[in-house]
Trainee: 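Have a look at the structure that comes next, please.
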Amino acid sequence: MTMHKHLLRAAASLCLFAGAAAHGADRIALDGGGWLSLDKHALQLTDAAGKELARLPMRAKQLDARTTNGSGIAVVLDADTQHALPIRVDAGRGELARLAPLPQQPFGVEGLCLFRDQQGLDFLFVAAKDGQAEQWLMHGATPQLVRKLSMPLDAGQCKVDDARHTLYANEKGVGTWAYEANSEAMPARTLLKAGARLPAGPAASPAVVVEPRAQTMPVARLGDVADDPAIWVHPQDPTRSRVLGTNKKQGLMVYDLQGRQQQFLDVGRLNNVDLRQGVNMDGKVLDLAVASQRDDNSVVLFGFDADGTVAELTRFATGFPEVYGICLFQPRSGALEVIVNDKGGAFRQFRITRGGEAWRAALAREFKVDSQPEGCVADDRNERLFIGEEKRGVWTLAARADQPSTRKLVLGVGRDLHADVEGMAMYEGAKGAYLIVSSQGDSSYVVLDAQAPYRVRGRFKVGFNLAEGIDGTSDTDGLDVTSKNLGGPYAQGMLVIQDGYKRLPDGPQNFKYVSWADVAKALKL
């Protein structure tokens with residue numbers, strides 16, 4: 001049995017994509033009527049009755065295409081050079097035209113296949129005999145490299161099920177592997193067993209796609225480095241506001257609204273960060289930020305000057321063996337409290353005070369969840385605290401330290417929220433307050449009312465902004481949002497999201513800036 005037939009049979013037995021022969025075969029039916037056919041001498045475009053509309057002479061194999069109303073893109077593998085050849089298809093005009101080729105790969109291409117994502121963007125996977133593979137974005141004047149990945153040795157052919165955003169490739173003597181096709185999703189693969197079916201699972205509400213407006217400079221180191229952001233709003237000129245971002249290996253980064261790094265504070269391994277502005281401390285009004293420091297398991301307190309320059313003020317011991325998440329709460333009384341947790345599920349709430357130049361942190365409350373938490377955010381206006389238990393969901397409880405710590409489940413992991421539950425932020429706008437939660441398991445973001453009954457308003461993902469050359473977001477840890485008018489596209493506020501996998505091309509992690517107006521429009525808020 002040839003690899004091609006084996007792959008088609010495996011896919012059919014799994015009921016994963018109807019009409020599998022329509023993708024990657026030598027003859028493809030166009031959705032608007034007509035056919036694309038590849039033989040030893042040419043690629044041929046015909047109408048529904050079989051009349052030839054166009055012909056491109058070539059020696060090629062492995063035809064694949066993605067079209068809408070008969071127009072779109074096709075790709076073949078040149079039999080002489082082993083290069084991928086992209087071709088524009090226009091059945092309405094009866095045209096086939098060669099597109100800009102991919103830059104020369106450092107390997108001979110053995111397999112190729114196309115993928116059309118939820119955003120309507122077309123991607124090309126190319127794979128070598130030795131397992132090297134790449135994913136290319138096929139939009140604009142020239143293809144753009146999105147990421148490098150590994151595929152089985154001698155794969156020879158691949159296929160993508162667009163609806164399931166799943167890439168299939170065969171490994172000789174092993175079976176068929178299913179890969180995540182979305183470049184922004186967490187890299188993963190599953191070995192498919194003959195006759196197996198994918199688990200049904202709960203049907204999630206659809207996630208709309210919004211585009212980022214800007215991105216920060218990448219962090220200085222590779223790997224899982226960037227984690228959590230916080231937004232500081234300039235009191236006189238909001239366009240000069242700042243974004244704080246934690247670096248889990250080095251310290252704290254400070255960016256402007258164009259994403260340019262303005263400061264780096266070498267203060268050790270910071271995990272999460274939060275801030276409050278206009279805090280009255282011993283008769284002095286201050287802007288303050290806190291971050292969880294994992295080298296000495298402390299809370300680091302930062303201050304801002306009038307122009308947004310950040311400086312460390314002091315540190316407080318938490319008493320935890322492994323400090324993790326952190327957030328601030330400002331009660332109506334005007335005090336400032338910090339809530340910090342550890343990986344074991346314990347939370348401690350400290351009240352921060354200042355006398356002269358001396359800072360103090362007094363333990364005010366302790367409580368616990370059953371498994372690992374991280375993200376938390378306080379609704380100061382209603383004195384409610386939201387906390388995330390990574391594998392279970394989002395809980396709420398009274399934020400004030402003198403109140404019982406009885407908690408209620410707001411949104412459990414399941415239909416709309418996929419573990420891990422990560423960053424959380426509060427948007428307090430004129431039309432209402434919303435809680436935004438990072439659903440790390442499917443690289444989406446859930447928006448729900450911040451008051452009972454905590455109705456889910458929708459889900460969104462952050463896709464590519466091709467005009468600006470910005471990739472989307474995936475595997476997000478932390479996020480923050482403001483409803484303040486920051487000018488330009490951020491007149492209704494801005495959402496900052498950590499990107500776990502920097503693409504277009506691969507590189508160190510960074511943070512993406514999203515206009516809240518784009519989110520509100522997409523979700524009809």
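Any value given below was found using the heavy atoms of this structure, including those in side chains, with hydrogens, waters and symmetry copies removed.
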Trainee: As a quick check of understanding, evaluate salt bridge (Lys or Arg N to Asp or Glu O under 4.0 Å) for K512 and D499, giving each step before the final call.
Mentor: CA-CA 7 Å; K512 303 298 196 290; D499 183 14; 2.6 Å; yes
Trainee: Would you check if the side chain of R213 reaches a backbone N or O of Y513 as a donor-acceptor pair within less than 3.5 Å?
Mentor: no
Trainee: Mind listing the closest non-hydrogen atom pair of A127 and M151 along with its distance?
Mentor: CB-SD, 3.9 Å
Trainee: With a 3.5 Å cut-off and no angle check, do the side chains of H165 and E180 form a donor-acceptor pair?
Mentor: yes
Trainee: Would F115 and D162 count as a side chain to side chain contact (heavy atoms under 4.5 Å, CB included) here? Give the steps.
Mentor: CA-CA 6 Å; F115 164 50; D162 295 348; 3.4 Å; yes
Trainee: For the atom pair CG (N271) and CD1 (I326), what is the distance rounded to the nearest 0.5 Å?
Mentor: 9.5 Å
Trainee: So do the side chains of T353 and W359 get within less than 4.5 Å of each other, counting heavy atoms only?
Mentor: no
Trainee: State the OH-OG distance between Y445 and S438, to the nearest 0.5 angstrom.
Mentor: 5.5 Å
Trainee: I need the D480 CG to L244 CG distance, nearest 0.5 Å.
Mentor: 9.5 Å
Trainee: Do R221 and P508 have side chains that get closer than 4.5 Å, going by heavy atoms?
Mentor: no
Trainee: K502 side chain to T473 main-chain N or O, any donor-acceptor pair under 3.5 Å?
Mentor: no
Trainee: Which heavy atom of Y179 sits nearest a heavy atom of S150, and at what distance?
Mentor: CE2-O, 3.6 Å
Trainee: Would you please indicate if the ring centroids of Y427 and W516 are separated by under 6.0 Å?
Mentor: yes
Trainee: Between F460 and V209, is any pair of side-chain heavy atoms under 4.5 Å apart?
Mentor: no
Trainee: Return yes if some donor-acceptor pair links the side-chain N/O of D274 with the main-chain N/O of V290 below 3.5 Å, else return no.
Mentor: no
Trainee: Could you go step by step and tell me if F329 and E383 meet the side chain to side chain contact (heavy atoms under 4.5 Å, CB included) rule?
Mentor: CA-CA 8 Å; F329 167 52; E383 297 189 320; 4.0 Å; yes
Trainee: Between R459 and S444, does a side-chain hydrogen bond (donor to acceptor under 3.5 Å, both in side chains) hold up when you go through it step by step?
Mentor: CA-CA 7 Å; R459 301 166 64 245; S444 72; 3.2 Å; yes
Trainee: Begin with the C-alpha distance, continue with both residues' side-chain angles, and end with the deciding distance and a verdict on salt bridge (Lys or Arg N to Asp or Glu O under 4.0 Å) for D506 and K148.
Mentor: CA-CA 7 Å; D506 290 341; K148 294 180 180 291; over 6 Å; no
Trainee: Quick check: does any side chain N or O of D518 sit under 3.5 Å from a backbone N or O of V210, one acting as donor and the other as acceptor?
Mentor: no
Trainee: Where is the tightest heavy-atom contact between M253 and F511, given as atom of each residue plus distance?
Mentor: CE-CE1, 4.1 Å
Trainee: Please say whether the positively charged group of R116, taken as NZ for Lys or CZ for Arg, lies over the ring of F123, i.e. under 6.0 angstrom from the six-membered ring centre and within 45 degrees of the axis.
Mentor: no
Trainee: Check whether any side-chain N or O of Q144 sits under 3.5 Å from a backbone N or O of P505 as a donor-acceptor pair, and report yes or no.
Mentor: no
Trainee: Whether the side chain of S405 engages the backbone of F367 through a donor-acceptor N/O pair (distance < 3.5 Å, no angle test) should be reported.
Mentor: no
Trainee: Output, in order, the C-alpha distance, side-chain angles, deciding distance and verdict of side chain to side chain contact (heavy atoms under 4.5 Å, CB included) for V310 and L252.
Mentor: CA-CA 9 Å; V310 183; L252 185 71; 4.1 Å; yes
Trainee: Any side-chain heavy-atom pair from R269 and Q250 closer than 4.5 angstrom?
Mentor: no
Trainee: Within a reach of under 6.0 Å around NZ of K521, are more than 12 heavy atoms found that belong to other residues, nucleotides or ligands?
Mentor: no
Trainee: Looking only at side chains, do D449 and Q451 share a donor and an acceptor under 3.5 Å apart?
Mentor: no
Trainee: Is there side-chain contact between V323 and Q293, with heavy atoms separated by less than 4.5 Å?
Mentor: no
Trainee: Can you tell me how far CG of D370 sits from CZ of R392, rounded to the nearest 0.5 angstrom?
Mentor: 5.0 Å
Trainee: What are the two closest non-hydrogen atoms of S298 and D296, and how far apart are they?
Mentor: OG-OD1, 2.6 Å
Trainee: Using distance alone, with no hydrogens and no angle criterion, decide if D477 and Q440 have a side-chain donor and acceptor under 3.5 Å apart.
Mentor: yes
Trainee: Is D342 salt-bridged to R348, cutoff N-O under 4.0 Å?
Mentor: no
Trainee: Do other residues, nucleotides or ligands put more than 12 heavy atoms under 6.0 Å from R294 CZ?
Mentor: yes
Trainee: Search all heavy atoms of D227 against all heavy atoms of E374 and return the closest pair with its distance.
Mentor: OD1-OE2, 3.8 Å
Trainee: Do the non-hydrogen side-chain atoms of V437 and L411 ever get within less than 4.5 Å of each other?
Mentor: no
Trainee: Checking the side chain of S241 only, and the main-chain atoms of H234 only, is there a donor and an acceptor separated by less than 3.5 Å?
Mentor: yes
Trainee: Please assess F304 against W232 for the test ring-ring contact (aromatic ring centres under 6.0 Å, His included), listing each intermediate value before the final yes or no.
Mentor: CA-CA 9 Å; F304 297 78; W232 177 84; 5.6 Å; yes
Trainee: Rounded to the nearest 0.5 Å, what's the gap from CD on Q132 to CZ on F107? Could you check?
Mentor: 6.0 Å
Trainee: Would you check if E134 and R147 make a side-chain contact, meaning some heavy-atom pair closer than 4.5 Å?
Mentor: no
Trainee: Got a second to check how far D256's CG is from Q261's CD, nearest 0.5 Å?
Mentor: 10.0 Å
Trainee: So do L479 and Q498 actually touch side chain to side chain, heavy atoms under 4.5 Å?
Mentor: no
Trainee: Evaluate side chain to side chain contact (heavy atoms under 4.5 Å, CB included) for L288 paired with L301, printing each intermediate quantity in order.
Mentor: CA-CA 7 Å; L288 300 170; L301 181 67; 4.2 Å; yes
Trainee: Apply side-chain hydrogen bond (donor to acceptor under 3.5 Å, both in side chains) to the pair E389 and W395, showing each step before the final yes or no.
Mentor: CA-CA 8 Å; E389 194 174 356; W395 301 87; 2.9 Å; yes
Trainee: Hey, is NZ on K484 packed in by over 12 heavy atoms from elsewhere, all under 6.0 Å?
Mentor: no
Trainee: With a 3.5 Å distance limit and no angle check, can you tell me whether Q509 reaches the backbone of G500 through a side-chain donor-acceptor pair?
Mentor: yes
Trainee: Between T246 (side chain) and V273 (backbone), is there a donor-acceptor pair under 3.5 Å?
Mentor: no
Trainee: Could you tell me whether a side-chain N or O of H418 sits under 3.5 Å from a main-chain N or O of V413, the two making a donor and an acceptor?
Mentor: no
Trainee: One thing to verify: whether R365 and D402 come together as a salt bridge, which I'm taking to mean a side-chain N less than 4.0 angstrom from a carboxylate O.
Mentor: no
Trainee: Here's a test for you: under salt bridge (charged side-chain N to carboxylate O under 4.0 Å, His left out), which of R400, R276, R332 qualifies with D380?
Mentor: R276
Trainee: If you look at every heavy atom in I339 and F347, which pair is closest and at what distance?
Mentor: CG2-CD2, 3.7 Å
